[in-house]
Amino acid sequence: MASKNIELEILHVDKNCGARYGILHTPHGDVEFPMFMPVGTQATVKGLSPEQVKDLGAGIILANTYHLALRPGADIVEKAGGVQKFMNYKGPMLTDSGGFQVFSLAELRKIKEEGVIFKNPLNGDKEFFSPEIVMDLEAKIGADIIMAFDECVHYPATRKYMKDSVDRTLRWAKRCKDAKVREDQALFGIVQGGEFPDLRKYCAEELIKMDFDGYAIGGTSIGEPREVEYKMVEYTAKYLPEDKPRYLMGVGSLDMIFDGISKGVDMFDCVLPTRIARHATLMTSHGRININNAKYKEDFTPIDEECDCYTCKNYTRAYLHHLMKCNEQFGKTLCSIHNLRFLIHTMEQAREAIKRDEFMEFQKEVMEKFGSKRGF
RNA sequence: GCUCAGUUAGCUCAGCGGUAGAGCUAUCGGCUGUUAACCGAUCGGUCGUAGGUUCGAGCCCUACACUGAGCG
């Protein structure tokens with residue numbers, strides 16, 4: 001069943017690369033792309049109120065089907081009126097299907113043709129996730145965009161394993177498509193295939209035949225070398241239809257986001273900014289810093305002079321150093337606010353650059369200032 | 001004053017015959033569709049002092065000094 005309530009409106013494509021700017025219309029509001037989507041796995045972006053997340057300029061945020069199904073249960077979220085109402089987020093949401101947990105909880109699951117049996121890490125119970133079950137769960141949770149149930153494959157994988165997995169993911173994708181019930185939700189298919197160009201192409205083409213509402217690039221940022229990661233995106237992005245949203249899953253490092261944008265990717269999500277923030281690493285326009293380092297003890301300047309976030313406008317590095325050293329929750333909150341705003345603000349600037357056909361110059365400028373050693 | 005117990009890394013403590021360990025702290029690093037307020041590395045001690053027994057002593061003995069508890 002195709003979605004009637006999501007629409008991709010492309011307003012401009014950069015003349016010098018594949019970067020595109022536009023508006024994605026969803027049942028819970030319009031959002032501009034390219035966009036970065038903060039992750040709130042358990043129906044909360046850790047440490048932040050929904051209002052704080054909104055104030056950062058966030059559009060779509062994520063929640064996770066697997067984790068919400070285990071606790072509190074999809075029925076509870078449904079009774080609450082859907083995840084947006086449940087967590088009081090006044091904006092569009094997207095749920096990941098649990099496909100990433102097939103990867104991250106590898107030691108607690110068994111993959112079968114029918115679906116995946118997980119051992120519940122909370123109580124040891126066996127939990128079965130099939131495409132049909134996941135579609136039911138995602139319908140109950142009620143996000144605007146729902147992801148197909150896939151297998152995020154470990155890197156490195158043999159060609160044979162990857163081919164078999166891609167075929168299974170494709171069969172699961174078809175089953176998801178057939179089992180989808182709500183018209184007001186958009187269903188995205190996920191391209192797998194690892195580092196194998198022909199498998200990426202094959203997976204993309206087969207998914208496109210099924211006609212999804214959007215397409216995601218999966219299986220990246222799971223420990224592979226950077227060069228491999230760039231290639232995975234390259235091998236996939238070029239086959240995705242221009243009139244549908246393109247989503248690079250799990251990517252939050254600046255260099256990878258920029259690379260994705262230049263290849264026409266519209267959406268990115270990642271736990272990185274919030275996770276490293278809780279662990280004291282901050283993104284700045286001049287590279288990453290660890291606010292726990294002793295050198296910040298008496299540094300009474302903001303994290304980043306160029307940042308317009310609440311944290312930078314009101315607090316010093318010395319204060320954040322103190323809070324993080326004391327393991328105070330407020331420190332984690334302030335650091336999370338900064339990192340998320342850093343990425344979201346960068347995306348705002350990227351959109352402006354695309355409109356001017358200057359995305360490539362913008363990317364070069366930001367990365368040079370950031371430092372060549374890494375993009376997080 | 002007497003009787004016990006104790007004195008080992010900055011802190012809290014293991015180790016009770018074969019030349020020292022942990023956790024925390026400190027100093028750093030890593031986290032990418034969140035099992036992550038997590039994980040890892042490094043720094044750090046002539047084991048209260050002085051003698052003695054022993055091939056060999058944080059570990060046993062003696063004295064002293066501190067600390068704590070109890071009794072006078």
Side-chain angles (χ1 to χ4, degrees), chain A residues 36-47 60-68 70-71 93-109 118-124 127 134 138 143 145-153 155 188-192 214 216-224 226 229 232-233 247-257 260 265 267-283 288-297 321 323-336 339 343 374-376:
Chain A
F36 177 78
M37 308 182 286
V39 181
T41 304
Q42 314 253 32
T44 173
V45 177
K46 293 184 194 297
I60 299 172
I61 65 170
L62 265 70
N64 182 277
T65 304
Y66 171 86
H67 291 290
L68 291 181
L70 261 48
R71 193 170 54 182
M93 289 190 67
L94 178 155
T95 41
D96 186 29
S97 60
F100 184 72
Q101 279 61 46
V102 178
F103 160 79
S104 64
L105 302 178
E107 274 147 45
L108 298 170
R109 56 57 171 170
F118 287 97
K119 188 174 172 187
N120 185 333
L122 301 170
N123 57 20
E127 309 279 353
V134 168
E138 294 198 272
I145 297 170
I146 62 177
M147 303 305 296
F149 188 51
D150 68 330
E151 179 193 355
C152 178
V153 182
Y155 177 89
F188 282 25
I190 304 172
V191 181
Q192 293 291 343
I217 302 170
T220 69
S221 289
I222 50 171
E224 74 280 21
R226 197 52 121 227
E229 192 171 9
M232 286 176 171
V233 178
Y247 166 23
L248 178 52
M249 305 186 80
V251 163
S253 63
L254 212 47
D255 59 333
M256 284 303 303
I257 290 177
V265 176
M267 305 158 69
F268 304 85
D269 82 285
C270 198
V271 304
L272 196 66
T274 43
R275 181 183 289 172
I276 66 177
R278 293 194 304 281
H279 300 159
T281 297
L282 297 166
M283 298 168 160
R288 65 150 73 182
I289 67 171
N290 185 335
I291 199 65
N292 273 343
N293 289 2
K295 61 182 168 186
Y296 300 118
K297 202 168 186 168
H321 171 86
L323 291 182
M324 293 306 280
K325 279 294 190 184
C326 296
N327 200 24
E328 283 289 339
Q329 173 57 44
F330 189 46
K332 299 179 204 305
T333 296
L334 290 175
C335 288
S336 296
N339 278 355
L343 277 186
R374 63 190 304 148
F376 290 111

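Convention: sequence-line order gives letters A, B, ...; per-chain numbering from 1. The figures here come from the full heavy-atom set of this structure, side chains too, leaving out hydrogens, waters and symmetry mates.
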Is_stacked (H67(A), U34(B)) at 5.5 Å, 30 deg: no
Donor-acceptor pair present, N64(A) side chain and G33(B) base, under 3.5 Å: no
Counterpart residues, side-chain contact (heavy atoms from CB on, under 4.5 Å), relative to N123(A) (two or more places apart): N120(A), D125(A)
Check: U34(B) base within 3.5 Å donor-acceptor of T274(A) side chain: yes
N or O in side chain of S221(A) less than 4.0 angstrom from U32(B) OP1/OP2: no
From CA spacing to verdict: side-chain contact (heavy atoms from CB on, under 4.5 Å), K119(A), E107(A): CA-CA 9 Å; K119(A) 188 174 172 187; E107(A) 274 147 45; over 6 Å; no
N/O donor-acceptor pair, side chain R71(A) with base U35(B), under 3.5 angstrom: no
Residues which pass ring-ring contact (aromatic ring centres under 6.0 Å, His included) with F100(A), listed by chain and number, not counting sequence neighbours: F103(A)
Atom pairs and distances, side-chain donor-acceptor, residues 37-47 of chain A, under 3.5 Å, sequence neighbours left out:
none

Secondary-structure string, 5' to 3', Watson-Crick or G-U under 3.5 Å, | for another-strand partners, for RNA chain B: ((((((((.[[[[.)..(..]]]].(((((.......))))).....[[[[[..)....]]]]]))))))).
Any residue meeting ring-ring contact (aromatic ring centres under 6.0 Å, His included) with F149(A), in chain and number order, not counting sequence neighbours: W172(A)
Flag for T220(A)-E224(A): side-chain donor and acceptor within less than 3.5 Å: no
Report all interatomic pairs (protein N or O, nucleotide N or O of nucleotides 24-28 of chain B) with separations under 3.5 Å.
residue: U27(B); atom: OP2; partner: K325(A); partner atom: NZ; Å: 2.8
residue: C28(B); atom: OP2; partner: A294(A); partner atom: N; Å: 3.2

Non-hydrogen side-chain atoms of I217(A) and M232(A) separated by less than 4.5 Å: no
Sugar-phosphate, base or nothing in reach of E151(A), heavy atoms under 4.0 Å: nothing
Syn/anti state of G58(B) by chi, 90° boundary around 0: syn
Under-4.0 Å side-chain N/O to phosphate OP1/OP2 contact, R275(A) with U32(B): yes
